[in-house]
Engineer: 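Here it is, the structure in full.
Sequence lines set the chain letters: A, B, ... in the order given, protein chains first and strands last, and positions in each chain run from 1. Because the structure is a prediction, the values reported are computed rather than measured. Values below: all heavy atoms of this structure, side chains included; hydrogens, waters and symmetry mates excluded.
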Amino acid sequence: MKFGVITFPGSNCDQDMIYVLRDLLGNEVVELWHKDHDLHGAEFIVLPGGFSYGDYLRSGAIANYSPIMKEVIEHANNGGYVMGICNGFQILCESKLLPGTLLHNDHQKFLCRNAFIKADNNESIINRSVSTKEVLNIPIAHAEGRFFAPEEMLKEIEANHQVIYRYCNESGEVTKESNPNGSMNNIAGVCNKNRNVFGMMPHPERAADIELGNVDGLKIFESILQTVEA
Amino acid sequence: MDLTANDTKVTVNTAIELGLTSDEFDQIEKILGRTPNFTELSIYSVMWSEHCSYKNSIKWLKTLPKEGPHMLAEAGEENAGLVDIGDGQACAFKIESHNHPSALEPYQGAATGVGGINRDIFTMGARPIAQLNSLRFGDISLDRTKWLLKGVVKGIGNYGNSFGIPVVGGEVFFDKCYNTNPLVNAMSAGIMEADKMISATSYGEGNPVYIVGSSTGKDGIHGAAFASKDISEDSMDDLPAVQVGDPFQEKLLLEASLELAETDCIIGMQDMGAAGITCSTSEMSGKEGFGMTIDLDKVPTRQDGMLPFEILLSESQERMLVVVKKGREAEVEKIFDKWDLNCVQIGEVTKGGILEYYMHGEKVAEVPAESLILGGGAPVYEREYREPEYYRRNLEFKIENVQEPTEYKKIAKYLWNHPNIASKKWVIEQYDSMVGTVNMSTNKPTDAGIVNLKGYNKALAFTVDCNARYVQADPEKGCAIAVSEAARNVVCSGGEPSAITNCLNFGNPYNPEVYWQFVGAIKGMKLACEKFQTPVTGGNVSFYNQSVQNDKDVPVFPTPTIGMMGIVKDKKNITSLAFQNEGDSIYLIGASQNDISSSEYLYSYLGIEESPAPYFNIEEEYQLQKSIKTIIKEKLINSAHDCADGGLFITLLESAMANNLGFEINSDSNFRKDAFLFGEAQSRVVVSLSGDKEAKLQDTLNDLKIPFTKLGKVTSAELRVDGESYGSIKEAKQEFESALESYLN
């Protein structure tokens, strides 16, 4: 499996993602530049976190017009895998590859801390091997992470099991108190109908190195790798 | 050519309006052999301001130790000192203040402080890997304090988060002396291959000079001069002197600069901070005795019609001056083009050391570079100093005159709810502390922030420390304590102290009592830095931190913030401050004292504001740290936490809270219980260990002749002292973590 990690101007989690995929997990990774016009053979595209183009207009809004996004959209429409983390998730919502949008956190502040999440189902490669009973401790770091979708769209997302992860408490209960940003239905990440495009606000790449004392994020990468390579 | 034609008539009064003295004006006339024009006078006014010239501090700064076994670049030689960290790598780190801008416009003031300090690091070719900050605000009940705190934290957060470097440590402290004038000190550290350092230098006649990064606007004009006067009610008139930051441009400039560092196309590079083009052209040129001709028409500007002095003095952010090797221009331009950044040749290096600035084809200023800079022609002053009244009164304090309390539980609760002691979670969570995936303290809290060096068995430790109340009480001892506490934090985390950077925040240097504080602090810093072999790699002086209230100057507490870097040579030695297991024994290493001087308990709870600095003996401190290093290396302990603000009780509470454990301890009847629990005597560390290691620990400490006390043990959930419950860890933690936020609402 060849991964492609895109660097937009203002991306700042690109190297963290590359370190996990390449150095810790031993995958082939191509580094893609926002001005590129092809994906250099990458099969699984990752849009990393950061503040693409400064995010002065609206998170992800400008990145959506990058030359490489034309390729990403085509890749996704042909069934290729695409994953967006944090700002990457925001860009995928802007480009309509994913449903819904990400609004300012309900408390109006940037928030960086560990957050508990759990897989909502096992229907996508990103959560296939993660038990729905298991609570993962994954860092969040965002000011605009409140998932929002119009009522009908939200119903559809839920009905299709497109929610991949939800915020919960340490015991795995999905509660109002365990929702760090006011997301609808505690949604931490979603996928598209075809289950080949994923986005989530929490950063699994920040919980993948044993030296940092938390490897819960590896379970998410392993789920992807196991299913894809099987 | 008549340089004074078409210009405002310059007199000594013009100079005084720009912040120069009449003597300095005479000196300028002597240097130039004529009266300067307004543009030239403006150049001198910023370059000779305290902010750029250190004219009132350099004499004493020179007494600080600069050399150490690991120093690659010494203080003042480059934008930031450089420490050898082994394996061909070096660490550049520096702390800087942005106090005055933050007092007027907290959001932009703090944001541009973060931007400026990071540029100091990456302009040397180092990639920033960690940030810290040290903040001081006034009485938290004031609306102004809340506004400043919220603005500063948002400013640091928004800039730093976007720029993408983790915040790994910091401090926040409140006292009414900072009501008008908050202190915002930002620190950044970066790593690089030691032989790839870019110097802030310029030489080679004919080499092209480039400006890169953002366009130049009217923001921050005379910012350096503004930073060199008292904050007063009229300060709002200086709002245009506050710069505006753009972290996105900074991120692009970082990546482009580091790509540039990989080439050998350039002679030197310097970021544009204080005094903008003026400062970078003169500092780079003055060092080597070369000059420059600069065509100000070529500088990309944000608006039309900017005057020469405005372009020269603009402190617009996210800009660098680059001197390129002739013939290599295309390679440099290609890099900046990739990152969509301005990269424009504005002049070239000349022989002879004269800076000539042109606009519309006419020469608008001509000054010798060397005459402008520190170590060159910039003035150096000796200031008089005088011991203030209050110092005598502090020494008269006697603990015997303070009645022993009975309400220990009430005091404990008061302290863990006090904004100076309560958790700074509300602040910290607004900073990205995990980007870069190097922060090893996220899931294993430590006294100093530990930064992973991926692929090596070593890590770096960083901390910022200064209890300004101690420095106010006794500048010399207080500042020695600040250095010692920083070293203690590094040692408790499993590291070896390497070097420090300092941010010296004081009042008006022309006030002899303020200058006495400054001199004392420098002496204390020297003493401690020599003892711990931590040279000063650089830093920044911020005077004029005071306000005129009721026609009286009220200086802030003297606040010499110490930023320390240490090396963890073996990651297995990283030691958490958190108790690990129920049943582990708890020891206090170091001697207890009958001392409550300058403690939060004495100052805030009892309201006694005049007392000396807490008990401190540098030799005892040194021996204590040596013993902590030994017991960590011998794997005897499971946690180590430095005993600091709030005393022993708060130290125990912090160690217990991290893993939701409790403790059960006994006090020592040889000491007053308030001093034992809440006194802030220095050179003490709380450790926990499993029972089977106790004998070995005791033997080791006895061999080292270090005093220790067995306090008790780690329990599951309760805080008990002398058999009495002080509540559950759950309640205490809930209050400790929410206290700060509740003050702000």
Side-chain angles (χ1 to χ4, degrees), chain A residues 7-20 23-24 33-35 48-57 59 62 85-87 105 107-115 137-144 170 180 202-217, chain B residues 127 150 153-154 156-167 245-256 337-341 425-446 450-457 459 571-572 574 576 660 741:
Chain A
T7 299
F8 296 96
S11 293
N12 61 30
C13 303
D14 46 339
Q15 293 305 318
D16 300 352
M17 182 61 78
I18 292 165
Y19 181 72
V20 171
D23 299 355
L24 297 180
W33 180 237
H34 72 119
K35 291 178 185 169
F51 290 71
S52 51
Y53 299 88
D55 278 345
Y56 291 124
L57 173 60
S59 292
I62 307 287
I85 303 296
C86 200
N87 191 230
N105 296 345
H107 45 78
Q108 304 297 322
K109 290 196 297 288
F110 184 94
L111 181 66
C112 172
R113 62 165 168 82
N114 283 328
N137 187 19
I138 309 288
I140 54 168
H142 57 252
E144 293 167 51
E170 199 168 1
H203 288 264
E205 81 280 9
R206 295 186 180 189
D209 183 353
I210 188 74
E211 293 200 311
L212 302 186
N214 176 10
V215 289
D216 283 6
Chain B
R127 177 173 286 277
K150 287 178 183 173
V153 171
K154 212 175 181 72
I156 293 174
N158 282 12
Y159 200 102
N161 297 342
S162 175
F163 185 56
I165 310 302
V167 174
D246 180 350
F248 174 58
Q249 287 291 315
E250 177 104 337
K251 168 73 173 159
L252 303 184
L253 193 56
L254 161 72
E255 299 300 339
D337 184 52
K338 173 185 167 187
W339 292 98
D340 299 318
L341 288 168
K425 185 174 166 219
W426 182 89
V427 172
I428 298 160
E429 287 186 348
Q430 294 188 57
Y431 306 146
D432 195 335
S433 57
M434 306 189 213
V435 62
T437 56
V438 290
N439 189 342
M440 299 180 82
S441 301
T442 306
N443 300 306
K444 184 177 181 179
T446 40
I450 304 293
V451 175
N452 195 18
L453 294 170
K454 291 173 184 172
Y456 297 92
N457 186 32
K571 287 181 201 170
K572 287 195 286 295
I574 296 170
S576 178
N660 300 309
E741 187 170 2

Engineer: With only heavy atoms counted, which part of N452(B) is less than 4.5 Å from chain A, the side chain, the backbone, both or neither?
Structural biologist: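 The side chain, not the backbone.
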Engineer: Is D246(B) close to chain A through its backbone or its side chain, or both, or neither, when contacts mean heavy atoms under 4.5 Å?
Structural biologist: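 D246(B) touches chain A through backbone and side-chain heavy atoms alike.
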Engineer: In terms of heavy-atom pairs under 4.5 Å with chain A, which of K338(B), K444(B), E250(B) leads?
Structural biologist: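 Maximum pair count with chain A is reached by K338(B).
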Engineer: Within 45 degrees of the ring normal and closer than 6.0 Å to the centroid, is that where the cationic atom of K251(B) sits relative to F51(A)?
Structural biologist: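 So K251(B) doesn't make the cation-pi contact.
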Engineer: Using the ring pair (Phe, Tyr, Trp, His ring centres under 6.0 Å) criterion, which residues pair with W426(B)? Sequence neighbours excluded.
Structural biologist: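 Partners of W426(B) under the ring pair (Phe, Tyr, Trp, His ring centres under 6.0 Å) test: none.
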Engineer: Taking atom CG of D16(A) and atom CE of M434(B), what is their separation to the nearest 0.5 Å?
Structural biologist: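 Answer for the CG-CE pair, D16(A) versus M434(B), is 12.0 Å.
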Engineer: Would you call the rings of Y53(A) and F248(B) parallel, tilted or perpendicular if under 30° counts as parallel and over 60° as perpendicular?
Structural biologist: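 Tilted, since the angle between the ring planes falls between 30° and 60°.
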Engineer: Which heavy atom in C112(A) sits nearest to a heavy atom in S433(B), and how many Å separate them?
Structural biologist: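 So the two residues come closest at SG-N, 3.5 Å.
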Engineer: Got a second to check how far I165(B)'s CD1 is from N12(A)'s CG, nearest 0.5 Å?
Structural biologist: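 Taking CD1 in I165(B) and CG in N12(A), the distance rounds to 8.0 Å.
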Engineer: I'd like to know whether NZ of K35(A) has more than 12 heavy-atom contacts from other residues, nucleotides or ligands below 6.0 angstrom.
Structural biologist: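 More than 12 within 6.0 Å, yes.
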Engineer: Less than 4.5 Å to any heavy atom of chain B: does that hold for the side chain of N87(A), its backbone, both, or neither?
Structural biologist: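 Answer is neither: N87(A) stays 4.5 Å or more from chain B.
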Engineer: State, to 0.1 Å, how close P9(A) and L252(B) come at their nearest heavy-atom pair, and which atoms those are.
Structural biologist: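 Result for this residue pair: CB-CD2, 3.5 Å.
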Engineer: Surrounding CD of Q108(A) (heavy atoms of other residues, nucleotides or ligands, distance under 6.0 Å), is the total greater than 12?
Structural biologist: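 It does: Q108(A) CD has more than 12 such atoms within range.
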Engineer: Ignoring hydrogens, what is the shortest heavy-atom contact between A141(A) and D432(B)? Give both atom names and the distance.
Structural biologist: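 That closest heavy-atom pairing would be CB-OD2, 3.7 Å.
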Engineer: Distance check, rounded to the nearest 0.5 Å: D209(A) atom CG versus K454(B) atom NZ?
Structural biologist: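 Result: 7.0 Å between the selected atoms.
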Engineer: Mind checking what makes side chain to side chain donor-acceptor pair (under 3.5 Å) contact with T7(A), not counting sequence neighbours?
Structural biologist: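 Scan of T7(A) (side chain to side chain donor-acceptor pair (under 3.5 Å), adjacent residues dropped) gives D14(A).
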Engineer: What's the shortest heavy-atom distance between N114(A) and N443(B), and which atoms?
Structural biologist: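 Here N114(A) and N443(B) meet closest at ND2-OD1, 3.0 Å.
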Engineer: Looking at V153(B), T442(B), D340(B), N158(B), which one has more heavy-atom pairs under 4.5 Å with chain A than the rest?
Structural biologist: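 Among V153(B), T442(B), D340(B), N158(B), the one with the most close pairs to chain A is D340(B).
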Engineer: Please classify the contact of V438(B) with chain A as side chain, backbone, both or neither, using a heavy-atom distance under 4.5 Å.
Structural biologist: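 Backbone of V438(B) only, per the 4.5 Å heavy-atom cut-off to chain A.
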Engineer: State the CZ-CD distance between R127(B) and Q15(A), to the nearest 0.5 angstrom.
Structural biologist: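 It comes to 7.0 Å.
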Engineer: Is K425(B) close to chain A through its backbone or its side chain, or both, or neither, when contacts mean heavy atoms under 4.5 Å?
Structural biologist: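 Neither part.
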Engineer: Please look at E211(A) and chain B and tell me whether the side chain, the backbone, both or neither of the residue comes under 4.5 angstrom of a heavy atom of that chain.
Structural biologist: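 It is both, since atoms from each part get that close.
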Engineer: If you round to the nearest 0.5 Å, how far is CD of Q430(B) from CG of L111(A)?
Structural biologist: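 Nearest 0.5 Å value for the CG-CD distance: 8.5 Å.
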Engineer: Could you state the interatomic distance from NZ (K150(B)) to NZ (K109(A)), rounded to the nearest 0.5 Å?
Structural biologist: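 These two atoms lie 8.5 Å from each other.
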